[in-house]
Q: 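This is the structure, below, for whatever I ask next.
Every heavy atom of this structure was used, including side-chain atoms; hydrogens, water molecules and symmetry mates were not.
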Amino acid sequence: MQNRAAGDISFTMKSAFRTYRDHQQDSNLAGDAVIADQYLNPGRGIESDAPEIVAFARQAAGPATDDIGRAVSLYEAVRDRIAYDPYDRLGHAESCSAKRALARGRGFCIPKAALLVACARALGIPGRLGFADVRNHLASRRLLEANDGDVFRWHAYAELHLDGKWVKATPAFDLALCERAEIQPLRFDGRDDSVFHPYDQRNRKHMEYVLDRGQYADVPFDAIVATWRTHSPRMLDESYYAGAKAFIDELQPQA
């Protein structure tokens, strides 16, 4: 179930995301029951009740004693223990599954964000998914060709409800990938939004948010695939990654 209607909103990093006040107004429309229900329960792609996810969440949270500390530990575990890998059977719902990403030890932005949300819910921290279209300058030639350009639709991030507000966290790119690409890994402190920057530390183009698709309690797989089928049909053809090396080894160097 979507928390708010997605709109055709073009935006820059300064205006890309709605403020906490906007989120809080949305949440207050239905009261605290919204947080207690749809953002804490398991979903089709957010299998927060799966024993392996519960075990992973508890282990990853470590000795942290508060929700913010646990959320930061979960973020770092999902970011770095699950390698970023967009080469998958994207036309199948399992490609977006949190449980499958954990089992494989790799996944792209959607299952990694879903896994972070699932782990948070497993520990009683409300979580949901956010989506945006992005112009991504960190890609392989194979991926750019299959996507038919550098605008990637339905990029996913997580939102966790911490200390009375929704905070964005983007666990997509793992530390090893960032080191290969010579970009700084995204940090998350549990208090401020952690989203991709338009430029990296060497002033090269990195990520531009171009369309906000809203927040969801679960993976909106049918809507995602419908968009890909229209704009990037080759992404749904499994032959596009036949013979591919690991994504990290095919990554195009930045100019």
Side-chain angles (χ1 to χ4, degrees), residues 45 52 56 60 74-116 131-158 169-188 194-209 219 224-225 228 231-255:
E52 55 267 55
F56 177 82
L74 293 177
Y75 171 82
E76 293 174 350
V78 173
R79 185 193 65 188
D80 295 334
R81 296 191 206 175
I82 310 299
Y84 178 78
D85 181 6
Y87 299 156
D88 201 1
R89 305 168 68 230
L90 301 183
H92 299 262
E94 66 178 12
S95 68
C96 296
S97 161
K99 186 168 70 170
R100 182 168 177 269
L102 178 60
R104 298 173 74 225
R106 64 186 189 276
F108 62 110
C109 60
I110 295 177
K112 290 193 68 172
L115 179 57
L116 177 55
F131 293 89
D133 292 0
V134 297
R135 181 166 284 108
N136 181 8
H137 298 276
L138 185 64
S140 66
R141 180 176 291 109
R142 180 190 304 272
L143 187 61
L144 289 168
E145 290 176 354
N147 188 62
D148 197 23
D150 63 359
V151 175
F152 290 84
R153 297 165 179 86
W154 291 96
H155 160 69
Y157 56 91
T170 309
F173 295 158
D174 57 274
L175 182 59
L177 182 68
C178 291
E179 290 176 347
R180 174 67 63 88
E182 298 182 335
I183 61 174
Q184 287 286 349
L186 272 181
R187 308 295 182 187
F188 176 63
S194 178
V195 295
F196 287 123
H197 301 295
Y199 294 91
D200 66 16
Q201 70 268 30
R202 292 170 58 185
N203 206 36
R204 300 171 300 181
K205 288 184 177 180
H206 176 41
M207 192 77 70
E208 177 187 354
Y209 291 80
V219 178
I224 293 170
V225 170
W228 288 345
H231 297 282
S232 309
R234 284 182 290 175
M235 293 282 284
L236 303 177
D237 183 349
E238 295 172 27
S239 66
Y240 98 84
Y241 61 86
K245 300 177 182 178
F247 176 75
I248 191 172
D249 294 325
E250 294 196 343
L251 186 66
Q252 291 294 301
Q254 294 259 52

Q: Listed by chain and number, what are the ring pair (Phe, Tyr, Trp, His ring centres under 6.0 Å) partners of Tyr84, not counting sequence neighbours?
A: Phe173, Phe247
Q: Please check this pair: side chain of Thr170 against backbone of Ala172, looking for a donor-acceptor N/O pair closer than 3.5 Å.
A: no
Q: Quick check against the 3.5 Å criterion: does Arg234 have a side-chain atom that pairs as donor or acceptor with the backbone of Glu145?
A: yes
Q: For the side chain of Trp154 and the backbone of Val225, is there at least one donor-acceptor N/O pair under 3.5 Å apart?
A: no
Q: Within the side chain of Tyr87, is there an N or O that forms a donor-acceptor pair under 3.5 Å with the backbone of Leu143?
A: no
Q: Working to the nearest 0.5 Å, report the span between CZ of Arg79 and OG of Ser194.
A: 8.5 Å
Q: Evaluate the ring planes of Trp228 and Phe108, with Trp represented by its six-membered ring, and classify them as parallel (under 30°), tilted (30 to 60°) or perpendicular (over 60°).
A: tilted
Q: With rounding to the nearest 0.5 Å, note down the distance linking CG in Asp80 to CG in Leu177.
A: 10.5 Å
Q: Among Asp174, Asp88, Asp85, whose salt bridge (charged side-chain N to carboxylate O under 4.0 Å, His left out) with Arg106 holds?
A: Asp85
Q: In Å and rounded to the nearest 0.5 Å, what is the CG to CD distance from Asp150 to Glu208?
A: 8.5 Å
Q: Just verifying a value: how many Å separate Glu238 CD and Arg89 CZ, rounded to the nearest 0.5 Å?
A: 5.0 Å
Q: With a 3.5 Å distance limit and no angle check, can you tell me whether Lys112 reaches the backbone of Gly107 through a side-chain donor-acceptor pair?
A: no
Q: Atom CG in Leu138, atom CD1 in Ile183: separation rounded to 0.5 Å?
A: 5.0 Å
Q: For Tyr75, give me all partners under ring pair (Phe, Tyr, Trp, His ring centres under 6.0 Å), at least two apart in sequence or on another chain.
A: Phe188
Q: Where the side chain of Ser97 meets the backbone of Arg100, is there a donor-acceptor pair that is under 3.5 Å apart?
A: yes
